Each structure stands twice: as structure tokens, then as C-alpha cells.
Amino acid sequence: MITVVDVNTDRTLDDFAAHAPLKRPVEDLRAVAQQYADRLGDRTVWMVNSTAQGGGVAEMLPKVVSMLRELGVSTEWAVIVSEEDRFFQLTKHLHNLLHGAGDPHISEDDRALYRSVSEQMAERLARRVAPGDPVVVHDPQPLGTGALLQETMDVPSVWRCHIGLDATNDATEAAWDFLRPWAEAYDETVFTLREYVPDFLEDRADLIQPALNPLSPKNRTLSVTELSSVLRRARLSGSPHPTMEGDFASPARRLQRNGSFAPATRPDDLGLMERPIITQISRWDRLKGFAPLLQGFARLKDSRFMDRNAVSERDRYRLSLSRLVLAGPDPDSVSDDPEGQEVFDEICRLWHDLPPEIQRDVAIITLPMASRRVNSLMVNALQRCSTIIAQNSLREGFGLTVTEAMWKRRPVMGTHAAGLREQVKDGVHGRRIPKAEDPEGIAHTLHEMLNTEAERKRWARNARRRVSERYLVFTQVRRWLEVLAQTVDRQAAVSVDGHATTNDPTDA
Ligand code: UDP
């Protein structure tokens with residue numbers, strides 16, 4: 001089934017430009033857009049993916065589509081969904097393999113299934129797309145569709161792979177072995193980081209990084225009163241005053257000594273607006289490195305660490321006041337992720353084992369997921385009242401949590417995971433710890449970061465600038481314009497030379 005999604009344009013570029021910090025990025029985009037729009041002419045760009053809702057791609061596409069249209073590039077978004085359950089299973093399997101997990105064996109039946117579904121879809125897509133229209137296919141699910149469409153129609157084609165792993169094993173090799181002939185049929189491919197590009201696509205790979213919408217509930221500016229209101233309505237902080245607006249339907253919840261969960265104001269107010277707060281917000285995934293971060297913080301608070309390292313009374317006092325917040329989605333709401341529950345339980349056990357005087361300075365918080373908007377506002381507020389944002393990932397495809405924090409002028413403690421290496425330059429936007437799994441190293445880095453206020457301010461400023469220059473949706477749209485124009489030019493040159501690819505992709 002193919003559906004052309006109705007993209008509503010809730011915000012125009014003028015709406016963005018009306019916000020002072022966004023005026024310049026919008027102007028920069030407008031200044032270059034015309035030349036690319038001219039090169040694309042009256043072609044319609046087709047964005048093709050496999051879901052209209054859920055997941056980062058579906059979240060990002062409406063904004064990109066509506067901005068391209070506003071800049072004069074006719075753009076449509078087609079979602080292709082197979083009714084075959086087995087096809088979904090197979091592409092889920094491929095997705096996991098690309099992340100390095102799962103049985104590397106892909107059966108002949110599965111290969112035949114992938115081809116036949118792709119053929120049906122390509123036939124349907126061909127009824128919508130006109131010759132010359134650039135087609136951008138996102139992720140492995142519709143990859144075959146785009147490759148086969150190219151066989152029958154003269155369309156410039158781009159494959160955007162959002163998945164990335166900077167390591168290889170049997171699983172990733174099996175996935176790439178399967179995908180290779182299909183991917184090679186495309187004129188151009190796009191990855192998030194250079195590290196994720198397989199060798200055989202080096203000659204046609206571009207990079208586009210994920211980006212933020214600075215006016216979304218997660219990233220928009222919160223005034224002091226809004227920030228305080230979100231914290232209070234989420235029961236992340238308390239107030240003795242009567243207020244106009246009541247609590248959110250579900251509050252954030254904090255792990256208690258008896259193993260239950262209660263509003264985060266119990267057993268005491270966290271002091272989010274008053275104390276030095278170190279925060280990590282992530283899915284409860286082992287690769288996010290919550291456990292060593294908790295152990296590193298416990299090391300930092302240990303009186304022996306303070307005796308050895310605290311240089312002044314003020315320094316010691318600051319360490320004694322600081323608190324760690326580990327927050328993530330309410331595991332009950334993510335029922336399709338049993339591993340998440342397991343990791344969460346493990347972190348709760350580690351917390352229970354902490355000595356009481358350290359335990360009271362570590363808060364394990366779950367954020368309700370019932371309303372995306374409310375969840376985003378809670379994330380926004382927590383990031384804004386943090387002194388340091390930690391992202392202690394062992395692996396990270398990109399790490400939007402860090403981008404979000406940097407946009408909010410927070411210094412970051414990151415690791416050497418590929419996505420964090422890209423975003424956080426050591427000593428420029430915060431610090432990168434040498435080893436995510438080493439609590440001692442984490443304690444030392446946190447101590448250094450807490451102890452250097454002037455540096456923190458500098459890192460915060462740099463962090464904001466970096467996101468403003470590289471990771472806002474305007475940059476992403478600009479990069480799409482560049483890649484699309486380049487693909488159209490390249491494909492036109494190939495067609496003139498008579499070298500257009502007409503081979504069966506699976507013959508390669
Ligand atoms: N996030 C959220 N609520 C939570 C935990 C995480 O909205 O309780 C968001 C977070 O703000 C970020 C995304 O989930 O936008 C995680 O993206 P990231 O690239 O950091 O990691 P991933 O989960 O994709 O590995």
C-alpha cells in the first residue's frame with residue numbers, strides 16, 4: 001500500500017525567523033536556497049519511507065518536506081507499507097543485523113520475498129512519480145523499491161541510511177551483503193557519519209546529520225516561570241503556593257527506598273533549581289552507560305575522593321551539594337522493550353546498594369510517555385536546570401539528547417562513542433571521558449567540570465553555537481538541497497554519457 005502523506009505546514013520560515021536567535025539561520029538558508037531550487041526546476045522530490053508515525057524519520061520528515069516546499073521545491077512524502085507480516089519481520093531482522101545483533105543467516109525465501117514485495121511496491125510508486133523526479137528512499141525497508149523503480153524509470157535516486165554502527169561483525173556483514181546490490185543501484189547515498197559508510201558506497205556517500213526543531217516542545221525556550229511551572233506540574237519540584245494550573249495527568253516518578261515510585265519531591269525536594277545537578281536522560285539501554293555513571297558519581301561523593309581531590313572548602317561544599325539525576329521513559333510504557341526493563345531493574349538495584357548518604361543525592365526518575373508533548377516538556381525542563389549533561393554512552397549512533405542539551409547551553413560530559421565524538425569536542429563543548437566503563441575516570445572528569453565555572457560557561461556558549469551552525473533543521477534542509485541538486489546533475493551527466501544503470505540489482 002502506498003499513501004501520500006498530507007503534510008500540514010504548521011510553522012513557516014517566517015515564524016521561525018520571528019525568534020531572534022533563529023533569524024540568521026533562516027536568512028542563511030534562504031540566501032542559498034534559490035540556486036538549488038532553480039537547479040531542481042519543476043521536478044517533484046519524493047521522500048519515501050515505511051511509516052507515517054513513530055520513530056525519528058517520521059518525526060523529522062514533515063518539517064523537511066514543508067520547508068523544501070516553502071523554498072520553492074515541490075516535495076511529496078510517500079509511505080509504503082507491505083501487508084505481508086513476513087516482510088516486516090525480515091526488515092526488522094535486517095535492522096537488528098545492521099546494529100550488529102541477530103542471526104546472520106538470511107534464507108533464500110526471505111531474499112525472494114524482499115524482491116517480490118519490492119517489485120509490487122515499485123510498480124505502485126511508478127504510477128505516482130514522473131520521469132526525472134528525484135526519489136529519496138529512507139532506510140532498508142523501501143530500499144529495494146527505489147532500486148527497482150530506477151530500473152524502469154529515469155529517476156535520480158538517493159538512499160538515506162539512518163542506521164549506523166562503527167564496528168563490524170558477522171551480523172553487520174550479513175546485512176550489508178544482503179543490501180549491497182540494492183544500495184549500489186542508487187546514484188547517491190546519505191549517512192549520518194563517515195564511520196558508518198560501507199566501503200563499497202564510498203564513491204557515492206554524502207553526510208547529513210540529524211537536527212533539532214528549535215521550536216518543538218522539547219527544545220523551545222522556557223521562560224523562568226514556564227520552567228518552574230513544568231517542574232512543579234511534573235512533581236519534579238514542589239511549591240507551597242497555590243497555582244493556576246494543576247499537575248500533569250501523570251507526574252514524573254522517583255525511586256524510593258522501599259522500592260516503590262513516588263513523585264520526585266519525595267522523600268525530599270531534589271533542589272533542581274538550586275543545587276549543582278548532573279543529568280543523564282536516555283532510554284534504559286545498557287549501551288547508554290547509566291551503571292558506570294552512577295558508580296562514578298558515587299565515587300565522586302565518597303569522602304575519600306573529596307579528601308584526596310577537593311582543593312578548597314568551597315570545592316568540597318560544591319561536591320557535597322551536587323546531585324545526579326538519571327531519567328528515562330517509564331518502563332511500563334515501553335512494553336515492547338523487555339531489555340529496557342531489565343536494565344532499569346539493574347540500575348535500581350545499584351541505587352539500593354548505595355550508602356544512604358550518597359543514595360539521597362542520586363535520583364532515579366521515570367518520565368511518563370502517555371503524552372509526547374508533556375514528556376518533551378519534562379525533558380526540556382530537566383535539561384535546562386542541569387549544571388552538566390552527561391551522556392555516558394558506550395555506543396551512540398548520534399545522540400540527540402546531547403544536541404538538545406548543547407542547544408540549551410549545557411556543557412556536556414560525553415564519551416568517545418562515534419556520535420558523541422562528532423558533536424562534543426573535548427575541552428571545547430565539555431569533556432569527553434576516555435572510558436565510558438571506568439567509574440574512577442568519570443568521577444575525576446565530573447569533579448573537574450564542576451570545579452571550573454568559567455570553563456563551563458565557555459563550553460556552554462560554544463555548545464550553543466555548534467548546534468546553531470550545524471544541527472538545526474535549517475542546516476539539514478540546506479544539506480538536502482545540496483544533495484538533491486548534486487544527484488540530479490550527476491544523474492543527468494550519466495544519462496548523457498549513456499552509462500545509466502539498467503542492470504538487475506541482484507545480479508551484482
Ligand atoms: N527521550 C525522551 N524521553 C525520555 C528519554 C529520552 O523524549 O524519557 C528522547 C531524547 O530527548 C532524545 C531521544 O529520546 O530526543 C533519544 O535520542 P538519542 O539519539 O539520544 O538516542 P536513541 O534513543 O535514539 O539511541
Side-chain angles (χ1 to χ4, degrees), residues 54-60 63 95-96 98-101 139 162-166 192-193 196 209-214 216-220 222 230 234 236 248 250-255 261 264 279-290 293 325-334 336-337 339-341 343-344 347 363-384 386 389-408 410 412-415 417-424 436 467 471-473 476:
V57 180
E59 188 151 323
M60 178 205 75
K63 191 103 280 110
H95 183 98
N96 290 338
L98 278 177
H99 277 120
D139 281 340
H162 294 268
I163 306 164
L165 181 70
D166 57 335
T192 297
L193 299 182
Y196 302 156
Q209 268 93 48
L212 293 186
N213 171 359
S216 69
K218 188 166 295 166
N219 298 306
R220 74 177 175 83
L222 297 176
V230 173
L236 284 161
F248 292 127
S250 319
R253 297 188 310 154
R254 176 177 175 189
L255 177 60
F261 285 84
T279 305
Q280 174 162 314
I281 306 173
S282 283
R283 287 180 298 106
W284 305 106
D285 181 320
R286 203 161 275 115
L287 294 175
K288 300 293 179 187
F290 276 114
L293 176 61
V325 172
L326 301 181
D330 179 357
D332 290 345
S333 63
V334 201
D336 61 344
D337 183 15
E339 201 192 311
Q341 181 70 54
V343 173
F344 181 67
I347 294 158
I364 311 293
I365 306 260
T366 67
L367 303 175
M369 299 299 286
S371 154
R372 286 271 298 278
R373 190 186 69 88
V374 169
N375 179 276
S376 295
L377 283 171
M378 290 185 192
V379 171
N380 190 341
L382 274 177
Q383 286 170 335
R384 282 185 194 279
S386 302
I389 290 288
Q391 190 60 53
N392 191 46
S393 304
L394 281 64
R395 268 200 220 135
E396 196 60 76
F398 187 67
L400 269 174
T401 43
V402 161
T403 333
E404 291 156 9
M406 289 169 70
W407 174 242
K408 299 175 181 100
R410 300 297 103 193
V412 177
M413 189 195 79
T415 64
L420 303 181
R421 230 167 34 221
E422 155 72 26
Q423 295 189 74
V424 183
V467 177
Y471 308 129
L472 291 183
V473 62
Q476 194 178 49

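Worth knowing before you read on, the calculation uses all heavy atoms, side chains too, and leaves out hydrogens, waters and symmetry mates. In listed order, ligands and their atoms are each counted from 1. Since we're looking at a predicted model, the values are computed, not measured.
Using a 4.0 Å cut-off between a side-chain N of Lys or Arg and a carboxylate O of Asp or Glu, Arg372 and Glu59 qualify as a salt bridge.
Set against the non-hydrogen atoms of Val379, the atoms of ligand 1 under 4.0 Å away are 2 (C), 3 (N), 7 (O), 11 (O). Within ligand 1, the atoms closer than 4.0 Å to a non-hydrogen atom of Gly399 are 19 (O), 20 (O), numbered from 1 in the order shown. Every atom of ligand 1 is numbered from 1 in the order shown, and the set under 4.0 Å from a heavy atom of Arg283 is 22 (P), 23 (O), 25 (O). Per-residue contacts place Gly328 under 4.0 angstrom from the following atoms of ligand 1 (heavy atoms of the residue considered): 8 (O).
Proximity of Glu396 to ligand 1 is established by a heavy-atom distance of less than 4.0 Å. A heavy-atom separation below 4.0 Å is not found between Arg372 and ligand 1. In this structure, Ser376 does not count as a contact residue of ligand 1, since none of its heavy atoms falls inside 4.0 Å of the ligand.
With Ala405, Pro329, Gly397 as candidates, the residue nearest to atom 4 (C) of ligand 1 on a non-hydrogen basis is Pro329. One option in Asn375, Ile365, Ile281 has a heavy atom closer to atom 2 (C) of ligand 1 than any other, and that option is Asn375. Distances from atom 7 (O) of ligand 1 to the heavy atoms of Glu59, Lys288, His162, Lys218 show the closest one on Lys218.
For a threshold of 3.5 Å applied to N or O pairs, the pair formed by Leu367 and ligand 1 contains no separation below that value. Considering backbone and side-chain atoms together, Thr401 places an N or O closer than 3.5 Å to an N or O of ligand 1.
When every heavy atom of Asn219 is checked against every heavy atom of Asn380, the shortest pair comes out as N-ND2, 3.7 Å. The minimum heavy-atom distance linking Trp284 with Pro329 is given by the pair NE1-O, 2.8 Å.
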Given side-chain contact (heavy atoms from CB on, under 4.5 Å), test Arg421 with Asp166 step by step and report yes or no.
-> CA-CA 12 Å; Arg421 230 167 34 221; Asp166 57 335; 4.1 Å; yes
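For atom 9 (C) of ligand 1, the nearest protein heavy atom is under 4.0 Å away. For atom 15 (O) of ligand 1, a protein heavy-atom neighbour is found at a distance under 4.0 Å.
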